[in-house]
Amino acid sequence: MGAYARASGVCARGCLDSAGPWTMSRALRPPLPPLCFFLLLLAAAGARAGGYETCPTVQPNMLNVHLLPHTHDDVGWLKTVDQYFYGIKNDIQHAGVQYILDSVISALLADPTRRFIYVEIAFFSRWWHQQTNATQEVVRDLVRQGRLEFANGGWVMNDEAATHYGAIVDQMTLGLRFLEDTFGNDGRPRVAWHIDPFGHSREQASLFAQMGFDGFFFGRLDYQDKWVRMQKLEMEQVWRASTSLKPPTADLFTGVLPNGYNPPRNLCWDVLCVDQPLVEDPRSPEYNAKELVDYFLNVATAQGRYYRTNHTVMTMGSDFQYENANMWFKNLDKLIRLVNAQQQAKGSSVHVLYSTPACYLWELNKANLTWSVKHDDFFPYADGPHQFWTGYFSSRPALKRYERLSYNFLQVCNQLEALVGLAANVGPYGSGDSAPLNEAMAVLQHHDAVSGTSRQHVANDYARQLAAGWGPCEVLLSNALARLRGFKDHFTFCQQLNISICPLSQTAARFQVIVYNPLGRKVNWMVRLPVSEGVFVVKDPNGRTVPSDVVIFPSSDSQAHPPELLFSASLPALGFSTYSVAQVPRWKPQARAPQPIPRRSWSPALTIENEHIRATFDPDTGLLMEIMNMNQQLLLPVRQTFFWYNASIGDNESDQASGAYIFRPNQQKPLPVSRWAQIHLVKTPLVQEVHQNFSAWCSQVVRLYPGQRHLELEWSVGPIPVGDTWGKEVISRFDTPLETKGRFYTDSNGREILERRRDYRPTWKLNQTEPVAGNYYPVNTRIYITDGNMQLTVLTDRSQGGSSLRDGSLELMVHRRLLKDDGRGVSEPLMENGSGAWVRGRHLVLLDTAQAAAAGHRLLAEQEVLAPQVVLAPGGGAAYNLGAPPRTQDLFSTFTITRLQETTLVANQLREAASRLKWTTNTGPTPHQTPYQLDPANITLEPMEIRTFLASVQWKEVDG
């Protein structure tokens, strides 16, 4: 992200000086082996020189400057993915990835010393499939010689704040498997490369380590953190990225690049830059070789002072550069020749060479130094005193939810494709395929996609790609269900249940509900379907009637808020259950309508409760005021309501405004949406609800089902009014008397939990300039506060920003609508209209003892991410595949595993052959790793461990 413009010394998303405290403001599916699929359970790594044999020779007694020619190609940002690839809409941004790759290959062939690195496989794979066989062989040779090196190797360079670990693994697997299938071991990246994401998560580093990477380089970190690291010579260290996995399983050597990902100032030789080319003819009036070479030597020497070895790197490239690669390489050739030949003859101690991130890492490893260890993460990121990049944690909440729903659907699609086999891909409903949704989901992990930091038309295109991917998966699910159930029916996927729209259930007098559970454990799931008014009978798979209810919403608009049918479905692990629904004719409607509760000061407290929880509401304000865990006899006063921060448009301290990236309120204290709520009560045997209306654009339903151990808060916000010319950033806040001592806790990409402390950073003394935004952190699935005895946990249904700005308080940002751009390159305010303007979501609230809380919130978070999939059918379908008995459990009986091999996390290396570079840390020697052995009959998972297996299977023949 970010155009490169050296003329005025300004880069979108920021510039980095070559000395001093630098700051930044900013296909086709790879074929799988036949009859194979991946089993992802929940891999470890060890020292290899493999892949480093082609590295260039360095000079041991000199400062070696590794020049890294590269391009950073955003998979969507100011333009869509296709516009970037083909070079369309250059009036928005001049960028054409196909031309970049064409030009780079030609330039590499012109000189055998030249090297280049490429990263975004979403673009490279598309370009690759358009090349002739001859060109492909040329590229294979370049890869084999180490002159074209892939770094990172994911489909995209994913965001690290708003991404779930499962989606990260999927997109990395897609890219790395393409490289493995295309180039073999020659194409496997040794280095993770996240030069542009806006902060870095500990879980991301842990995943990279488990994928087999030897090291990790990134460009962005907090400006204060960078200054301290430069003084302490800790720009490079070992990141111990898990408190659960035994070192060195999640240890990853990590380096901060000196110039972000841009070249040093005045040394950019691209068509997008305005720096002067190197002129070495002394007869020319434009001669500048001596001046530029002297400048380069000064920059290299100054830069090297902040690193511990006699090696340093310069990233020679930036956003969408090298469309005319000859410009770059011609000037770099001259620079290398002049420095190495002429200057060394004059006594210079600088040696400059074409290199790659892997070759630079290899030299660091050979230095055999002892490195310091980092245990926390790199959030939040700020590139200046009032410039915290914490707004994107919550930007575009509708897209963030669509991405999370699509991940859920993709996992269901993947499971049924693996469990049913080819019958799911080709069947009575046509050709089904998980690949389009897999690729669309991979694109959505890009650091300008799920982050919500692209332009509006690009965000729309991301949503279009997801929608296009759902269709082939729906065909696949239909084929699989027909095979497993033994009936061919007209399956319906109701994608708008969150706004109570499902044409089949609203019009049919009878229909079937098939619910698939993607979890490896039994689940009871409350099904909610919009229906017409009336009475319905629901029967389970055995024909027994199950309790059901029809609930009417508190609205006169029956089209916007139709009645909803509720019943509880019991679902087997990795299986499905079919329920039949029939409307009872000629019965008078007996639906439960909500009762309005008048606001009277003398009214008794209003409660909803089941056998586990009681929630109490203030009769005067209509707000939640108390939660009780009746199993543990825990009572906690909890006041929950909605507030909004007035977004800054700049002030006397700084002209920084709130925008898609930046969160900056104009005052610390948020304003209440309303001090009270109009409430309605619904109580039936299957659900108890308090409907709260705070304003015309903010409402909430507080809900409790039988047997449920958490309170569900379903909020609806938008369109946020901005007619008063005030941008607004809306939060849901929970206030309690818990003494939390400035501490709160957030998850890291849906996995491990990190402690956060208000106005504090673990590795340097923080100068806090933004008390609100500077204390916001990404919340992927949950956030909690505790006093050591009692714990209040709030789970989210999408990624959001959250914090605890005072003891006992917890807040999550649910929506934001802004009037001004934040100056980070988008040049467009975050002003969503249409479907993105109105957002509905859920917060799940758990109250438990601090000791028991983790068991509850971990399982609940997993169930929220991998929720059951509801499919409807009118019923009465024709028999299909008569030889196959209907299945509801034991779906693995469709095949026999004939061979099982364990791989690294992303299935691009066999675990028995995988090894990693070893690093010495100042914490002492790491435990010796036992030799690897696989016992297919006894696979043990340690806490927080993920293990990946490649299974060859024999499908069982079924007649019919």
Side-chain angles (χ1 to χ4, degrees), residues 1-2 4 9-26 159-161 194-201 217-237 239 254-265 299 302-303 305-307 313 315 318 374 376-393 447 451 453 648 650-651 653-664 756-778 801 822-825:
M1 158 191 141
Y4 192 92
V10 175
C11 315
R13 290 203 282 211
C15 291
L16 293 104
D17 295 323
S18 56
W22 316 292
T23 59
M24 282 179 79
S25 307
R26 189 146 136 101
D159 176 57
E160 299 187 39
H194 267 207
I195 54 176
D196 197 21
F198 331 122
H200 304 281
S201 74
F217 294 105
F218 64 79
R220 297 182 183 272
L221 82 164
D222 187 274
Y223 71 104
Q224 294 182 45
D225 190 6
K226 188 168 189 176
W227 175 254
V228 172
R229 289 180 179 280
M230 289 163 58
Q231 309 313 309
K232 295 170 66 176
L233 297 184
E234 288 190 342
M235 295 288 277
E236 295 163 332
Q237 60 184 170
W239 196 348
T254 301
V256 181
L257 296 169
N259 302 301
Y261 62 89
N262 297 320
R265 192 176 296 275
V299 168
Q303 182 177 297
R305 293 193 188 106
Y306 299 111
Y307 292 82
V313 292
T315 43
S318 191
K374 180 179 178 63
D376 58 318
D377 65 2
F378 289 96
F379 285 119
Y381 161 60
D383 58 0
H386 301 282
Q387 301 164 358
F388 282 90
W389 297 48
T390 54
Y392 80 96
F393 300 162
H447 56 267
S451 59
T453 54
S648 175
D651 55 25
E653 284 189 298
S654 170
D655 61 0
Q656 182 61 60
S658 253
Y661 300 95
I662 306 295
F663 172 35
R664 188 176 183 230
R756 311 298 191 182
R757 288 173 60 183
R758 195 161 54 248
D759 298 330
Y760 174 82
R761 302 292 187 266
T763 55
W764 84 90
K765 186 176 181 180
L766 174 67
N767 174 26
Q768 183 61 276
T769 57
E770 289 287 330
V772 177
N775 283 305
Y776 256 64
Y777 289 87
D822 56 15
R824 293 306 184 277

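Predicted model, so just to flag it, every value in this text is computed and none were measured.
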Worked verdict on R220 versus Y381 for side-chain hydrogen bond (donor to acceptor under 3.5 Å, both in side chains)
CA-CA 8 Å; R220 297 182 183 272; Y381 161 60; 3.1 Å; yes
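- You'll find the ring centres of Y776 and F379 outside the 6.0 Å limit.
- What you find for A161 and Y392 is that their closest heavy atoms are CB-OH, 3.5 Å.
- Of the N and O atoms on the side chains of Y661 and R824, not one donor lies less than 3.5 Å from an acceptor on the other residue.
- The aromatic rings of F198 and H447 stand perpendicular to each other, their planes meeting at an angle above 60°, with 30° marking the opposite boundary.
- Nearest heavy-atom pair across R664 and E770 is NE-OE2, 2.9 Å.
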Begin from the C-alpha positions of V313 and L257 and carry the test side-chain contact (heavy atoms from CB on, under 4.5 Å) through to its verdict.
CA-CA 7 Å; V313 292; L257 296 169; 3.8 Å; yes
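- The existence of a salt bridge linking D759 and R757 is excluded, since no basic side-chain nitrogen approaches an acidic carboxylate oxygen closer than 4.0 Å.
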From CA spacing to verdict: side-chain hydrogen bond (donor to acceptor under 3.5 Å, both in side chains), T315, N259:
CA-CA 7 Å; T315 43; N259 302 301; 4.9 Å; no
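- A side-chain donor-acceptor contact under 3.5 Å links E160 and H200.
- Nearest heavy atom pair, residue P264 against residue V299, reads CB-CG1, 3.9 Å.
- The line from CG of N767 to CH2 of W227 is 14.0 Å long, rounded to the nearest 0.5 Å.
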Stepwise, does the side-chain contact (heavy atoms from CB on, under 4.5 Å) test hold for Y777 with T390?
CA-CA 7 Å; Y777 289 87; T390 54; over 6 Å; no
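- Close placement of the F378 and W239 rings is indicated, their centers lying within 6.0 Å of each other.
- In terms of heavy atoms, R761 sits closest to G774 at NH2-O, 2.8 Å.
- Side-chain contact, D377 with S201: no donor N or O sits under 3.5 Å from an acceptor N or O.
- Remark: the Q237 side chain and the R229 side chain contain an N/O donor-acceptor pair separated by less than 3.5 Å.
- Taking 4.5 Å as the limit, every side-chain heavy atom of E236 sits out of range of all side-chain heavy atoms of V256.
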